[in-house]
Amino acid sequence: MYLNDFFADADEDLIGCIRCRNAKPLHLQLKMAFQPIVNVDTRSVFAYEALVRGANGASAGEVLAAVAPDETYSFDQTCRVLAIDTAQRLGMTTHLSINFLPNAVYEPATCIRLTLAAARKVGFPSDRLIFELTEGEKIRDPGHALRIIKDYQQRGFLTAIDDFGAGYSGLNLLADFQPHIVKLDMALTRDIDRDPVRRAIVGGVIGTCKALGCQIVAEGIETPQELDTMRQMGVSMFQGYLLARPQVEALPEPDLTYC
């Protein structure tokens, strides 16, 4: 089990976090891929998002489908630690963005311990961590998710809503807490240069986020026209195949040709 191996020299108290509530050990072997989030104004990488992959090349969707309900805690903790461990090994000097599962967090102050211990062990600065709450996951207890986010913000972590506009909570999430970053789902950015309806919707979201002090990231950018249109609308942070595809255990350099 990856967590047991990584924390083999840890004290018994920390080992107890791995076994929290008799959590079932994760049966999957995982790797991390990374995709850059680029600030086109400064032509630099702001962060790399860690994206889970199977050791055999399985996609994130395939990996998630293979996680049993009683492995959710172990999966969430493994992804956090593996992302930090791999990022430091690859020499990452930017922010590291980690997706987390709020339904897998029992108590925010307790369940963050392995994350912080991993950062200390490998020497990755914890103030460069971003935690992304995906809108695509059905949150069983919105109040609990809000407590997690507030706890992370109080600890100095950056927070983000991922896949905004894709799923369950949308504006309710934005109303309940104001993250540092809102990542617009590709369903909103796709062909935005040719779709006045999407431009109107995205324009409203951008205006709201600016009023709340939230930074926008446009996800899923695949064409120069999409990037140019979003840039004209006031967005400077982008993620997508136009700039770089995710690479397993590597930090891809973005293509800045269109920036």
Side-chain angles (χ1 to χ4, degrees), residues 29-63 79-100 115 118-119 122-132 134 157-164 179-193 215-259:
Q29 292 186 330
L30 306 177
K31 291 184 177 181
M32 282 292 161
F34 297 93
Q35 186 178 32
I37 299 170
V38 178
N39 185 322
V40 297
D41 289 344
T42 61
R43 296 174 63 85
S44 63
V45 176
F46 166 70
Y48 281 93
E49 181 181 1
L51 302 163
V52 68
R53 298 289 186 266
N56 60 354
S59 68
E62 292 171 322
V63 170
C79 287
R80 294 165 180 245
V81 174
L82 182 59
I84 292 169
D85 185 20
T86 309
Q88 182 66 12
R89 176 164 51 83
L90 295 174
M92 186 182 297
T93 58
T94 66
H95 285 84
L96 169 63
S97 197
I98 299 173
N99 294 278
F100 76 96
T115 306
V122 303
F124 191 90
S126 60
D127 61 0
R128 286 201 266 116
L129 294 177
I130 304 171
F131 287 98
E132 297 190 17
T134 178
F157 300 132
L158 295 182
T159 57
I161 297 178
D162 191 20
D163 303 323
F164 187 86
H180 300 94
I181 300 166
V182 172
K183 301 181 73 178
L184 296 179
D185 186 73
M186 66 176 65
L188 291 176
T189 61
R190 179 66 65 249
D191 296 325
I192 192 168
D193 53 299
Q215 174 73 58
I216 290 280
V217 173
E219 295 185 296
I221 299 300
E222 296 186 353
T223 70
Q225 294 78 16
E226 291 171 351
L227 188 147
D228 287 344
T229 300
M230 294 296 300
R231 197 171 187 181
Q232 290 169 17
M233 296 175 71
V235 176
S236 60
M237 305 269 274
F238 294 88
Q239 184 177 5
Y241 285 0
L242 179 69
L243 299 167
R245 291 175 177 266
Q247 291 184 20
V248 176
E249 297 193 339
L251 303 178
E253 286 291 329
D255 181 354
L256 301 177
T257 303
Y258 303 103
C259 297

Practice problem: Apply side chain to side chain contact (heavy atoms under 4.5 Å, CB included) to Leu243 and Cys259, showing your working. | Solution: CA-CA 9 Å; Leu243 299 167; Cys259 297; 3.8 Å; yes
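- Going from atom OG1 of Thr159 over to atom CG of Leu129 covers 12.5 Å, rounded to the nearest 0.5 Å.
- Ile216 contributes atom CD1, which lies 10.5 Å from atom CE of Met237 (distance to the nearest 0.5 angstrom).
- Inter-residue side-chain proximity for Asn99 and Glu49 is flagged as met; some heavy-atom pair is nearer than 4.5 Å.
- For Gln247 (side chain) and Phe34 (main-chain N/O), no donor-acceptor pair under 3.5 Å exists by modelled atom type.
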If you look only at distance, which donor and acceptor atoms sit under 3.5 Å apart when one is on a side chain in residues 79-93 and the other is two or more places apart or in another chain?
| residue | atom | partner | partner atom | Å |
| --- | --- | --- | --- | --- |
| Arg80 | NE | Asp76 | OD2 | 2.9 |
| Arg80 | NH1 | Thr115 | OG1 | 3.3 |
| Arg80 | NH1 | Tyr152 | OH | 3.2 |
| Arg80 | NH2 | Asp76 | OD2 | 3.4 |
| Arg80 | NH2 | Tyr152 | OH | 2.9 |
| Asp85 | OD2 | Tyr2 | OH | 3.0 |
| Thr86 | OG1 | Leu82 | O | 2.7 |
| Gln88 | NE2 | Val122 | O | 3.4 |

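- Side-chain atoms of Val52 and Met32, non-hydrogen and from C-beta on, do get closer than 4.5 Å to each other.
- Residues Arg53 and Ala33 approach most closely at CG-CB, 3.9 Å, considering heavy atoms.
- Phe46 meets the ring-ring contact (aromatic ring centres under 6.0 Å, His included) test with His95; sequence neighbours excluded.
- With values rounded to the nearest 0.5 angstrom, Phe164 atom CZ is found 14.5 Å from Ile181 atom CD1.
- Between the Tyr48 side chain and the Pro252 main chain, a donor and an acceptor come within less than 3.5 Å of each other.
- Taking CZ of Arg231 as the reference point, atom OH of Tyr258 lies at 14.5 Å (rounded to 0.5 Å).
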For residues 217-228, which side-chain donor-acceptor pairs fall under 3.5 Å, sequence neighbours excluded?
| residue | atom | partner | partner atom | Å |
| --- | --- | --- | --- | --- |
| Glu219 | OE1 | Asp163 | N | 3.4 |
| Glu219 | OE2 | Lys183 | NZ | 3.4 |
| Glu222 | OE2 | Arg190 | NH2 | 3.4 |
| Thr223 | OG1 | Glu226 | N | 3.0 |
| Glu226 | OE1 | Arg190 | NH1 | 3.4 |
| Glu226 | OE1 | Glu222 | N | 2.9 |
| Glu226 | OE1 | Thr223 | N | 3.4 |
| Glu226 | OE2 | Arg190 | NH1 | 3.2 |
| Glu226 | OE2 | Asp191 | N | 2.9 |

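- Asp127 CG to Leu158 CG: the interatomic distance, rounded to the nearest 0.5 Å, is 9.0 Å.
- Heavy-atom neighbours of Glu249 CD from other residues, nucleotides or ligands within 6.0 Å: above the threshold of 12.
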